[in-house]
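A short worksheet on the structure shown next.
Residue numbers start at 1 and run along the sequence shown.
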Amino acid sequence: MKTNNERNYGIDLLRIFSMVSVVILHNLYQGGILPQLKTNNPNWWQFWLLENLAIVAVNVFAMITGYVSMMHRFKSDRVLQVVFQTIFWSVTVSVTLYQLRMPISVETVKASFYPLAQFWYVNAGLKSIFETDFKRHSEPRLPSTAQINHQLRLITYLNPGKH
């Protein structure tokens, strides 16, 4: 559990860098830039190199999330908060795009009400939260040094043999 309230600015900087890289990753492919580029385009290599470098950011962000979350106690209300935030933003963005007459179908708007089926990262995060908490409670806890000393004294004093 977290005993130190100091921020690790290196981790924060790496998290910001990985978030920006994930945004770049999504904009390059889902935004339609990469599918439209032809191999004879001089920017083709640059955009694909940027895409491949940005892919690493997903794993970096996952590792940072795991590292930071291990420093805190499990809170069940945090799980509900993540689920509700995902649903809220999914619905809000879809309905707004539909209202602005963007090329988005009614089926996509309906699917936005069930975002956990679409966003693999949220599902993976929720799974890791539950697994970590289960592991934390199911593994036997190691006794503290004071408990070990107390047990050794009891064994020594209660031993019927010579002292």
Side-chain angles (χ1 to χ4, degrees), residues 1-139 141:
M1 298 308 127
K2 191 166 188 171
T3 57
N4 185 341
N5 286 334
E6 294 179 24
R7 291 194 72 93
N8 186 334
Y9 293 107
I11 295 290
D12 286 342
L13 187 62
L14 189 58
R15 187 188 311 195
I16 292 168
F17 174 76
S18 65
M19 281 188 237
V20 170
S21 296
V22 168
V23 170
I24 290 170
L25 177 72
H26 285 101
N27 283 319
L28 284 176
Y29 197 80
Q30 280 91 355
I33 295 171
L34 290 178
Q36 292 178 4
L37 284 176
K38 305 291 183 220
T39 55
N40 60 357
N41 188 324
N43 295 329
W44 186 85
W45 287 103
Q46 295 169 352
F47 281 117
W48 275 104
L49 177 64
L50 187 60
E51 168 88 357
N52 285 303
L53 291 174
I55 287 172
V56 175
V58 175
N59 296 335
V60 170
F61 191 79
M63 287 189 289
I64 291 172
T65 302
Y67 172 75
V68 172
S69 67
M70 288 304 295
M71 305 285 194
H72 300 285
R73 277 196 182 276
F74 173 77
K75 296 177 184 172
S76 59
D77 59 333
R78 179 67 183 131
V79 174
L80 292 174
Q81 184 181 8
V82 169
V83 170
F84 288 130
Q85 282 178 354
T86 304
I87 293 169
F88 172 79
W89 285 112
S90 176
V91 170
T92 302
V93 169
S94 295
V95 169
T96 302
L97 290 175
Y98 186 77
Q99 292 295 323
L100 293 173
R101 308 254 189 260
M102 298 299 239
I104 185 170
S105 67
V106 175
E107 289 78 26
T108 303
V109 174
K110 288 179 186 175
S112 72
F113 284 88
Y114 307 100
L116 298 181
Q118 298 174 0
F119 301 125
W120 67 270
Y121 200 82
V122 175
N123 287 333
L126 291 175
K127 180 180 179 239
S128 69
I129 287 171
F130 288 123
E131 284 178 351
T132 303
D133 187 53
F134 177 74
K135 224 178 194 182
R136 200 176 278 152
H137 291 320
S138 66
E139 289 180 352
R141 303 221 190 285

Query raised in the report: Nearest 0.5 Å, what's the CG-OG1 distance between L97 and T92?
Result: 10.5 Å
Query raised in the report: Which residues pass the side chain to side chain contact (heavy atoms under 4.5 Å, CB included) test with D12, sequence neighbours left out?
Result: R7, Y9, R15
**Report entry** I24, V23, V22 screened by side chain to side chain contact (heavy atoms under 4.5 Å, CB included) with V20, the one that passes
**Finding:** I24
Query raised in the report: Roughly how far, to the nearest 0.5 Å, is OG of S18 from CG of L13?
Result: 10.0 Å
**Report entry** Contacts of N41 that satisfy side chain to side chain contact (heavy atoms under 4.5 Å, CB included) - sequence neighbours left out
**Finding:** L37, N43, W44
Query raised in the report: Considering residues at least two apart in sequence or located in another chain, which fulfil the side chain to side chain contact (heavy atoms under 4.5 Å, CB included) criterion with V95?
Result: V91, Q99, V109
Side chains of residues 48-62: which donor-acceptor partners sit under 3.5 Å, not counting sequence neighbours?
| unit_1 | atom_1 | unit_2 | atom_2 | d |
| --- | --- | --- | --- | --- |
| N52 | ND2 | W48 | O | 2.9 |

Query raised in the report: Which heavy atom in F113 sits nearest to a heavy atom in I87, and how many Å separate them?
Result: O-CG2, 4.5 Å
**Report entry** Pairwise distance OG(S94) to NZ(K110) - rounded to 0.5 angstrom
**Finding:** 13.5 Å
